[in-house]
Q: 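One structure coming up, written as structure tokens, with questions to follow.
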Amino acid sequence: MQQIVNFILRNKNFLLFLLLFSIAFFLTIQSHSYHKSKFISSANFLTGGIYESVNSIDQYFNLKQENQNLLEENNRLKEALFNTSESTNEESGYTFKVIPGIVIKNNYSNSNNYLTINKGTNDSISEDTGVITAKGIVGIIDNTSKSYARVLSILNTNSRINAQLKKTSHFGLLKWDGKSPKFVQLTDVQKQAPVAIGDTIITGGRSTIFPKGIPIGKVESFYMDTTENYLTLEVLLFNDMTSIGHVHIIKNLDKEEIQSLEINPNE
Amino acid sequence: MNSIISRNIVRFIGLVLIQALILNNINFLGYINPYIYILFIILFPIKNNRLLFIFLSFLLGLTLDLFLDSGGVHAAASVTIAYIRPIVLKFAFGATYEHQTVKFTSTEFGQRFSYFSILILIHHLFVFSLEIFNTSQLILILKKTLFSGVFTLILCLLLTVLFSRKSK
């Protein structure tokens, strides 16, 4: 017993280092798997509050750009209003509610990027809700607090979003390889799909998160994957992920109903 | 004694805020960010309680992780350089460290340079390899380590020169 106590006392520095390092390592591992990094997140009271107050200053510098974006969106909406046949998400069949929000922290230089927005459970926002801008998709909410929410950006190597070609409905899985914030990859597309450079990629509407038809980007290049069975498309995003101010949170009002239907009774 | 404690508290909070709110938005050439918050670990008084020092470094890293949504990446890297700091000190300053008389402001530039660069290099290597966590991206890890490391080193050396209280 005496020996053990002596050993601990002698190596207390190393043991403390080992303990703290393993805690940190454990948190790191958790952050690499989707939906598990709940504990260390910027959507809490302290960090969210600090980011919010700094962002209120920061906004003044982007006012011109924001005005421009809103003007463009207004134009687009007016066009859609005059040509009502071109209505945006009627075909998806679900009912969606759109809530406006503001990004208070944006990140795009790491391999696992998150955004923080200033809407939370108080604004009836829950996890697994889609976030878009006027130009295209941004990500999926993965963690909420009372008045803040954290968004898993599409620029995150854990992000997986269903997407398809606009003209033929061949679908695939939207991922990010962690290299450039301008490009994402659409993988597992059937090789018969008639892909051409410049084709538009939109969301697929096969999940309850995003409605069908939200623009994502256009095809920059494409190549066979290593198994030679599927195509991988390099997609240039419509959204400039490095400068995002106002976002829209899309809440699917029928989500619980659909999910309760889809639970397989045989399992 | 009290002034040392209060100075370190101010340094802790100040460096965290500067790092989270300003330096992480630099994104020079798309991905190069300096991580100067480790200046707290580098400049921590040498005569210290080592347990407290390691724990404070962990706390510093964890606070940064909260701001940056990076899990435990910075905590792990900070705790590592806090643990190996005495070895690096001995390597960089040699006999003066043995006699516990090192004052960072009065050391030679060359010694300070090697001390800073070793700690920064190890820290950045840990940060980026844990963050990317993929051996097939080894080149990316090394690239990020090198470029961000040089950026951090320059900023750290400038800051220490700027804030040293050497009266002429």
Side-chain angles (χ1 to χ4, degrees), chain A residues 12-33 36-48 50-51 53-55 57-58 105-116 142-143 150-153 156-157 177-182 242-243, chain B residues 13 16-17 20-22 24-33 49-59 61-86 126-134 136-137 139-141 143-144 148:
Chain A
K12 59 178 192 280
N13 287 326
F14 181 69
L15 289 174
L16 180 74
F17 161 69
L18 214 61
L19 174 76
L20 294 177
F21 188 83
S22 34
I23 293 173
F25 195 69
F26 171 73
L27 290 171
T28 308
I29 302 283
Q30 272 211 328
S31 78
H32 281 280
S33 58
K36 275 192 180 160
S37 53
K38 303 281 176 204
F39 187 57
I40 302 292
S41 146
S42 64
N44 63 40
F45 166 70
L46 181 70
T47 49
I50 292 176
Y51 274 132
S53 52
V54 170
N55 189 255
I57 302 166
D58 201 41
K105 179 218 151 195
N106 185 9
N107 208 350
Y108 50 88
S109 58
N110 301 334
S111 60
N112 292 312
N113 298 303
Y114 296 93
L115 298 93
T116 312
D142 84 325
N143 198 347
R150 187 172 72 164
V151 183
L152 184 91
S153 164
N156 187 314
T157 46
D177 61 3
K179 282 182 185 141
S180 164
K182 281 183 191 155
T242 59
S243 113
Chain B
I13 298 170
V16 165
L17 288 181
L21 300 176
I22 301 172
N24 267 339
N25 298 318
I26 288 184
N27 295 318
F28 183 58
L29 297 182
Y31 59 90
I32 303 173
N33 277 336
N49 179 349
R50 237 181 124 196
L51 283 177
L52 181 74
F53 175 49
I54 291 177
F55 184 71
L56 278 179
S57 306
F58 177 74
L59 213 62
L62 203 66
T63 325
L64 253 297
D65 281 326
L66 271 175
F67 274 102
L68 308 185
D69 284 312
S70 48
V73 171
H74 291 282
S78 304
V79 129
T80 311
I81 58 164
Y83 180 70
I84 62 164
R85 194 179 83 142
F126 265 86
V127 164
F128 290 120
S129 38
L130 283 175
E131 184 209 307
I132 296 169
F133 214 61
N134 190 345
S136 63
Q137 306 258 32
I139 301 294
L140 187 67
I141 294 174
K143 209 167 74 179
K144 277 189 160 182
S148 291

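What's counted below: heavy atoms across the whole structure, side chains too, no hydrogens, waters or symmetry copies. In this text the structure is predicted, and so the values were computed from the model without any measurement. By convention in this document, chain letters (A, B, ...) are assigned in the order of the sequence lines, proteins followed by strands, and residues within each chain are numbered from 1.
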Q: Who among A:Ile50, A:Ile29, A:Asn112, A:Asn107 has the most heavy-atom pairs with chain B under 4.5 Å?
A: A:Ile50
Q: In terms of heavy-atom pairs under 4.5 Å with chain A, which of B:Leu130, B:Ile132, B:Leu51, B:Val79 leads?
A: B:Leu51
Q: Passes side-chain contact (heavy atoms from CB on, under 4.5 Å), B:Leu68 versus A:Tyr114? Steps please.
A: CA-CA 8 Å; B:Leu68 308 185; A:Tyr114 296 93; over 6 Å; no
Q: Nearest 0.5 angstrom please: A:Ile23 CD1 to B:Leu62 CG, how far?
A: 9.0 Å
Q: So with a 6.0 Å cut-off around CZ of B:Phe133, is the heavy-atom count from everything else above 12?
A: yes
Q: CD1/B:Ile54 to CG/A:Leu19 distance, rounded to the nearest 0.5 angstrom?
A: 11.0 Å
Q: So what's closer than 4.5 Å to chain A heavy atoms on B:Leu21: side chain, backbone, both or neither?
A: side chain
Q: Sort A:Asn110 into side chain, backbone, both or neither according to what part of it lies under 4.5 angstrom from a heavy atom of chain B.
A: both
Q: Supply the atom-to-atom distance A:Leu16 CG to B:Leu52 CG, rounded to the nearest 0.5 angstrom.
A: 10.0 Å
Q: Could you tell me how the ring of A:Phe21 sits relative to the ring of B:Phe126: parallel (under 30°), tilted (30 to 60°) or perpendicular (over 60°)?
A: perpendicular
Q: Please flag which part of B:Ala82 lies under 4.5 Å from any non-hydrogen atom of chain A: side chain, backbone, both or neither.
A: neither
Q: Non-hydrogen atoms of chain B under 4.5 Å away: do they reach the side chain of A:Phe26, the backbone, both or neither?
A: neither
Q: At a heavy-atom separation under 4.5 Å, does A:Asp177 approach chain B through its side chain, its backbone, both, or neither?
A: backbone
Q: Under 3.5 Å, side chain of B:Tyr83 to main-chain N/O of A:Asn13, donor-acceptor pair present?
A: no
Q: Would a 4.5 Å heavy-atom cut-off, applied to side chains only, mark A:Thr116 and B:Asp69 as touching?
A: yes
